[in-house]
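Everything below concerns the one structure shown next.
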Amino acid sequence: MSVDPNPPASAPSDFIRDIVAADLAARRHTGIVTRFPPEPNGYLHIGHAKSICLNFGIARENHGRCNLRFDDTNPVKEDTEYVDSITADVRWLIAGWADHCLGFKAKGAKPAATTHEGRPDAHLPSLDPATLDARLAASPATAEPFFASDYFDQLYAYALALIRQGKAYVCDLSPEDTDLYRGAPDRPGRDSPWRNRSVEENLDLFRRMKAGEFPNGARSLRARIDMASPNVWLRDPLLYRIRHVPHHHAGAGWCIYPLYDYAHCLSDYLEGVTHSICTLEFVDHRPLYDWILSSLDLPRPLPHQYEFAKLTPGYTLVSKRKLLTLVNEKIVQGWDDPRLPTLSGLRRRGVPASALRRFVIGVGVTKFDSLTDIAVFEHTVRDELNQAAQRRLAVLRPLRLVLTNLAPGESVACLATNNPQDEHPSTRTVPLTREVFIESEDFAEVPPPKYFRLKPGGEVRLKYACIIRCEEVVKDAAGAVTEIRCTADLSTRAGEANADRKVKGTIHWVSATHGVDAEVRLYDRLFTVPEPAAVEDFLKVVNPKSLEVVNAKLEAALADARPGERYQFERLGYFTPDARDSRPGRTVFNRTLTLKDTWGK
RNA sequence: UGCCCGAUGGUGUAAUGGUAGCACAAACGACUCUGACUCGUUUUGUCUAGGUUCGAGUCCUAGUCGGGCAGCCA
């Protein structure tokens with residue numbers, strides 16, 4: 001026996017992981033199965049990332065699995081477009097981290113009738129995740145995520161069983177009357193007049209509901225629990241409603257659809273889920289989750305529900321409805337707009353999945369609703385990108401600068417470091433020419449205090465090149481600066497006699513003759529306040545400067561940058577080619593984040 | 001005036017009856033061919049009141065404050 005020389009650094013611990021560990025220690029389960037259960041009615045966002053990382057994280061720490069399951073019990077709001085985007089987003093987020101825990105099933109598979117310890121059962125475990133990748137690579141059409149709608153037959157059978165036990169009944173109350181009979185949180189409800197129908201009548205009516213004999217809303221199947229319960233979710237909650245609409249995954253065979261509370265716990269059971277982790281608003285539903293499962297004669301260990309506080313990051317929104325408003329009102333340009341906290345938006349913006357994971361894992365898991373400082377997220381992204389991003393020179397707002405002592409055709413080769421964070425950094429050559437562009441804010445005719453960039457008569461170093469002195473400022477008729485004329489001291493280049501001469505400022509630049517033009521999109525926070533969700537009209541606090549488009553000058557090496565690559569434009573920030581709008585020969589860059597700026601503006 | 005959940009620096013969290021720690025943020029300083037990175041220093045905290053205990057952020061009681069719950073949404 002040897003001790004692991006490299007135990008995982010600070011393995012995360014929280015109240016849910018403690019429960020999982022205790023369950024394992026007590027041998028309540030032989031393996032851990034979690035699930036991530038989105039409804040396919042919108043795009044995944046950073047809040048979902050926390051849930052994904054929690055569920056997949058627990059699976060990977062315990063050599064378990066996490067099933068991706070679509071909670072698709074309401075066909076009127078759902079669409080396969082979302083199934084596809086959600087599947088892609090999840091796989092992107094966990095790639096290289098928890099792929100080996102991803103629970104998928106064989107395409108078209110449904111729960112199989114089995115027996116467990118001599119008792120009848122139904123079960124749909126996941127495919128072995130270890131072979132899933134190979135399977136998907138060889139034949140993508142043979143595996144798919146789980147769908148609650150694949151359990152409709154089994155769920156129907158369970159409903160019949162509940163009816164036979166007198167634990168469910170068909171209710172003829174209209175939706176309005178159902179509301180009235182439910183009472184209020186501080187006032188008990190009243191029994192439905194249909195609560196005491198015979199088992200035979202309930203069976204007959206429920207079969208006829210399924211057969212399509214009744215219109216939408218005419219009847220429902222309800223659990224028979226307690227109309228006076230202080231917990232409103234126990235006041236004979238609906239199990240099935242009538243909806244004469246086809247289903248995007250299950251097809252046209254159904255006109256009754258189960259509700260969340262009924263479908264979710266049983267879906268967990270059918271898949272062999274051990275720990276069903278959801279957000280705080282479901283705490284009140286837990287007794288119902290347990291009631292349904294314990295009311296049926298289920299032979300395998302029952303899953304249990306645990307709740308945690310969802311992630312609420314500052315300066316943004318994570319409400320599907322409000323996100324949809326931003327998209328529909330054209331405040332942003334789609335679900336994958338880089339300003340949105342959607343996973344597709346963050347990906348397009350250039351945020352690495354690894355940084356997103358580190359962030360959502362780092363905020364911790366508690367039962368306390370909190371507002372997470374977006375600076376923590378930004379710090380995490382900068383930290384990852386600082387390590388990984390290649391450095392390049394780019395000028396966002398060009399100002400022409402002429403080096404008067406260089407000849408017009410002259411080109412001085414300068415060695416630039418690709419990434420100083422690398423242990424053995426590689427280099428590239430950038431050409432210094434008579435005319436270059438510098439950042440217009442790196443010159444000030446009347447410099448503010450402590451300004452150590454270029455000013456009349458002042459000196460500054462051109463990064464990777466040499467020290468220059470500002471000799472002359474050229475202006476147009478309106479008095480605006482159009483050109484700076486300087487002399488270059490080539491003896492201060494690396495390797496030359498005066499290479500070590502110090503000047504306070506170093507600025508970036510791009511050769512006017514070798515540089516290329518590019519559209520660069522400068523993104524900023526979408527909202528001007530830390531908690532836009534708390535504002536009456538969130539559209540009033542949209543940041544009018546959340547996107548600025550500039551025509552930038554880039555060093556030539558950037559001409560064939562590809563989507564997926566990430567760069568640091570020195571002294572400016574992190575940028576990535578836009579995957580949607582870039583064309584060969586015309587790369588569009590998105591700014592992921594600026595560099596931290598302790599000098600301020 | 002029902003039920004449920006919660007409360008630790010500015011923010012997010014850790015401490016599982018025994019030294020209140022970490023990260024971010026902020027401030028100052030060092031370094032610097034990125035005002036980045038890195039490094040150093042500093043500021044700020046257990047909601048209140050009782051109780052149990054040698055000892056309480058932790059356990060108990062009461063209160064205060066905050067959040068959730070009355071979809072045929074999830």
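Fair warning: this is a prediction, and the values are worked out from it, not measured in the lab. Throughout, protein chains are lettered first and strands after them, A, B, ... in sequence-line order, and every chain is numbered starting at 1.
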statement: Closest to the 5' end of RNA chain B, once A:Cys466 and A:Val363 are matched to their nearest nucleotides, is A:Val363
message: Which helical stems does RNA chain B take part in, if a stem means at least 3 consecutive Watson-Crick or G-U pairs with both distances below 3.5 Å?
response: B:2-7 with B:64-69, B:10-13 with B:21-24, B:26-30 with B:38-42, B:47-51 with B:59-63
Side-chain N or O of A:Ser174 closer than 4.0 Å to phosphate OP1/OP2 of B:C72: no
field: Residues A:Arg392 and A:Asn418: side-chain donor-acceptor under 3.5 angstrom
entry: yes
- prompt: Looking at A:Thr312, A:Leu323, A:Thr325, which hits side-chain contact (heavy atoms from CB on, under 4.5 Å) with A:Leu317?
  reply: A:Leu323
- request: Measure the acute angle between the ring planes of A:His48 and A:Phe36, then classify it against the limits of 30° and 60° as parallel, tilted or perpendicular.
  value: perpendicular
query: When the C1' atoms of B:C31 and B:G9 are considered, how many whole Å apart are they?
result: 30 Å
task: Return the nearest nucleotide to the side chain of A:Tyr464; candidates are B:U16, B:G35, B:C33.
output: B:C33
task: Determine if the base of B:G71 is syn or anti; take syn to mean the glycosidic torsion is within 90° of 0.
output: syn
Rounded distance in Å between the P positions of B:U58 and B:U53: 16 Å
Whole-Å gap separating C1' (B:A36) and CD (A:Gln387): 12 Å
message: Measuring only between side-chain heavy atoms, which start at C-beta, is A:His508 closer than 4.5 Å to A:Tyr464?
response: no
- request: Choose from B:C72, B:U16, B:U34 the nucleotide whose nearest atom is closest to any side-chain atom of A:Ser220.
  value: B:C72
Distance below 4.0 Å between A:Arg243 side-chain N/O and B:C73 OP1 or OP2: yes
query: Is it true that A:Arg501 and A:Glu459 have a side-chain N and a carboxylate O under 4.0 angstrom from each other?
result: yes
message: Looking only at the side chain of A:Thr366 (C-beta and beyond, no hydrogens), which of the listed nucleotides B:U13, B:U34, B:G12 gets closest?
response: B:U13
Write out a two-atom table: protein N or O, nucleotide N or O from nucleotides 1-9 of chain B, distance below 3.5 Å.
| unit_1 | atom_1 | unit_2 | atom_2 | d |
| --- | --- | --- | --- | --- |
| B:G2 | N3 | A:Pro185 | O | 2.9 |

- line: Whole-Å distance, A:Glu378 CD to B:U11 P, equals 18 Å
- prompt: How long is the line joining CD1 of A:Ile16 and P of B:A14, in whole Å?
  reply: 11 Å
field: Separation between the P atoms of B:U52 and B:U46, rounded to whole Å
entry: 23 Å
Ion pair A:Arg358/A:Glu384, N-O distance below 4.0 Å: yes
message: Check this for me, if you would: do A:Glu555 and A:Arg428 make a salt bridge, where the nitrogen-to-carboxylate-oxygen distance has to be below 4.0 angstrom?
response: yes
message: For A:Phe15 and A:Phe308, I'd like to know if the aromatic rings sit close, meaning centre-to-centre distance below 6.0 Å.
response: no
Nucleic acid contacts of residues 263-271 of chain A, taken as heavy-atom distances under 4.0 Å to RNA chain B: none
message: Can you measure A:Phe36 atom CZ to B:A74 atom P for me and round it to whole angstrom units?
response: 16 Å
query: Are A:Tyr43 and A:Tyr82 close enough that their ring centers fall under 6.0 Å?
result: yes
message: Rounded to whole Å, how long is the line connecting atom CG of A:Leu595 with atom P of B:C33?
response: 17 Å
field: A:Phe575/A:Phe589 under ring-ring contact (aromatic ring centres under 6.0 Å, His included): CA gap, chis, key distance, verdict
entry: CA-CA 6 Å; A:Phe575 295 78; A:Phe589 282 88; 7.2 Å; no
Plane angle bin for A:Phe147 and A:His249 - parallel if under 30°, tilted between 30 and 60°, otherwise perpendicular: parallel
task: Report yes or no: do A:Thr433 and A:Ser511 form a side-chain donor-acceptor pair below 3.5 Å?
output: yes
query: Mind checking the P distance from B:C5 to B:A74? Whole angstroms is fine.
result: 25 Å
query: How long is the line joining CD1 of A:Ile46 and P of B:G12, in whole Å?
result: 15 Å
field: Separation between the P atoms of B:A23 and B:U42, rounded to whole Å
entry: 14 Å
task: Identify, between A:Glu281 and A:Ser370, the residue whose nearest nucleotide on RNA chain B lies closer to the 5' end.
output: A:Ser370
field: Heavy atoms from other residues, nucleotides or ligands near NZ of A:Lys310 exceed 12 (cutoff 6.0 Å)
entry: no
- prompt: Nearest of B:U16, B:A36, B:C72 to any side-chain atom of A:Pro175?
  reply: B:C72
- prompt: Between B:G71 atom C1' and A:Tyr260 atom OH, what is the distance in whole Å?
  reply: 14 Å
- request: From the options A:Tyr156, A:Tyr257, A:Phe206, select the one residue that forms a ring-ring contact (aromatic ring centres under 6.0 Å, His included) with A:Tyr240.
  value: A:Phe206
RNA chain B-proximal residues of residues 494-510 of chain A, any heavy atom under 4.0 Å: A:Ala494, A:Lys502, A:Lys504, A:Thr506
- request: Tell me yes or no: between the side chains of A:Asp236 and A:Tyr181, is some donor less than 3.5 Å from an acceptor?
  value: no
field: Whole-angstrom distance between B:A20 and B:U8, as gauged at atom C1'
entry: 8 Å
- prompt: Which residues satisfy the salt bridge (charged side-chain N to carboxylate O under 4.0 Å, His left out) test with A:Glu61, sequence neighbours excluded?
  reply: A:Arg17
Integer angstrom distance from the C1' of B:G35 to that of B:A56: 48 Å
- prompt: Choosing from B:G35, B:G71, B:U34, which nucleotide comes nearest the side chain of A:Tyr451?
  reply: B:G35
message: At less than 4.0 Å, is any side-chain N or O atom of A:Arg241 found next to OP1 or OP2 of B:C73? Yes or no.
response: yes
Could you pull out the protein-nucleic contacts involving nucleotides 24-31 of chain B (nitrogen or oxygen on both sides, under 3.5 Å)?
| unit_1 | atom_1 | unit_2 | atom_2 | d |
| --- | --- | --- | --- | --- |
| B:C24 | OP1 | A:His379 | NE2 | 3.4 |

message: Quick check on the 6.0 Å ring-centre criterion: do A:Tyr260 and A:Phe282 meet it?
response: yes
field: B:C54 versus B:A49 - spacing of their C1' atoms, nearest Å
entry: 23 Å
task: Check whether any side-chain nitrogen or oxygen of A:Arg182 sits under 4.0 Å from OP1 or OP2 of B:G71, and answer yes or no.
output: yes
task: May I have the distance from A:Ile467 (atom CD1) to B:U32 (atom P), rounded to whole angstrom?
output: 14 Å
